[in-house]
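See below for the structure under consideration.
Quick note: numbers below take in every heavy atom, side chains included, and nothing from hydrogens, waters or symmetry partners. First listed ligand is number 1; within each ligand, the first listed atom is number 1.
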Amino acid sequence: MQTLSQCHILLKRMNNVWEKRSQVKKQEIDPTPLLDPTKPDFRVDLLPFQNHQAFQEADPEMKNKILSCGWLIYNWKTVSIELKVVNPVCQDIIYHLFPGVSNAIIQEVATDTLVDESYHVQLVNKACSITREQRGLQHLEAPEFNLVLNLQREQALYEEEWQKMLIKLATSVVSEVFVSDYLKLLSTDTTIQPLNRVVVDTHRRDEDAHSCIFKNLVKCIYAELTREQKEFFINVIPKPVYWFADHELEIWQSLLEQIGFEQSQVIYTDCQQANRHNLMNIDYSEVIELVQELDHQRGEESLVNMGLMN
Ligand SMILES: [Fe+2]
Ligand SMILES: [Fe+2]
């Protein structure tokens, strides 16, 4: 395990390069030359029902509409993670609500990250508006994501404020570790609409740095927790791995219904039975590594209990 001062040095380094690497400091994207409505908005292999007969037999126009929904859901999930998971944790750090965060470097890193994430919300929201306008999908509305509902349900199980905050912290670090992978596939895909690829790639450039920032922030906080709090955190941290891997089928069913896809209920029922979440598609080795670094023995017990380790 890195020492606390090593974590601080690393965070200082990240803070020093923020102005150079941060996308909010770069020139704003001009969407006009990047629009190509003849290309699909999203990748078929990212749909949780890509192999379902009802989808495969849909006509090309409906398939493209479904792919546009995929793009919107992908962006809405990003906005939910930024606004309901990551930014609230940055705010908790700025308000010194966690132990071990009063250091000036940690404070600067938290405010830098808050700016980055707010920029991502702006970036992604604009992209959604363009897609809605271009594809005539202004009427679509989505229910809440299971990722957020699961976080809230877990928090509701506990009385103490510190327990609720640690659940949110665990969810944010897991999300920050996964989000780069989540963005990687689309960021290099030249078969989708160019604007969509550029938006995802711009976001990914910041997220590559965030994963390291959050892991180090968690290490700084964890070192200052009480024994009881440490045990609580170690037990809770594997849970968001499942929440992140959730296929969000309720949102899919709602959107498919809203665009008039007649097979929406069949797809929902079949996919729900087959795979509510699919850990096969996500690489959670970095989460395992982090948990082991925080507390090797307890960490492994917790990972085994939650089925993330044998
Ligand atoms: Fe972000
Ligand atoms: Fe982030």
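- No salt bridge links Glu57 with Lys63; every basic N to acidic carboxylate O contact stays at or beyond 4.0 Å.
- The Fe ion (ligand 2) has an N, O or S atom of Glu176 closer than 2.8 Å.
- Taking backbone and side chain together, His120 holds an N, O or S atom under 2.8 Å from the Fe ion (ligand 1).
- Taking the Fe ion (ligand 1) as reference, Glu117 places its N/O/S atom OE1 nearest.
- Distances from the Fe ion (ligand 2) to each N, O or S atom of His210 single out ND1 as the nearest.
- The neighbour count for Gln53 CD, taken as heavy atoms of other residues, nucleotides or ligands under 6.0 Å away, does not exceed 12.
- Side-chain rings of Phe244 and Tyr182 approach one another, their centers coming within less than 6.0 Å.
- Under the side-chain hydrogen bond (donor to acceptor under 3.5 Å, both in side chains) test applied with Gln193, the options Asp36, Thr38, Thr131, Asp41 reduce to a single match, Asp41.
- Considering just the N/O/S atoms of Glu82, the one nearest the Fe ion (ligand 1) carries the name OE2.
- When the N, O or S atoms of Glu207 are ranked by distance to the Fe ion (ligand 1), OE2 comes first.
- Residues Gln23 and Asp116 bring no donor and acceptor atom of their side chains to less than 3.5 Å of each other.
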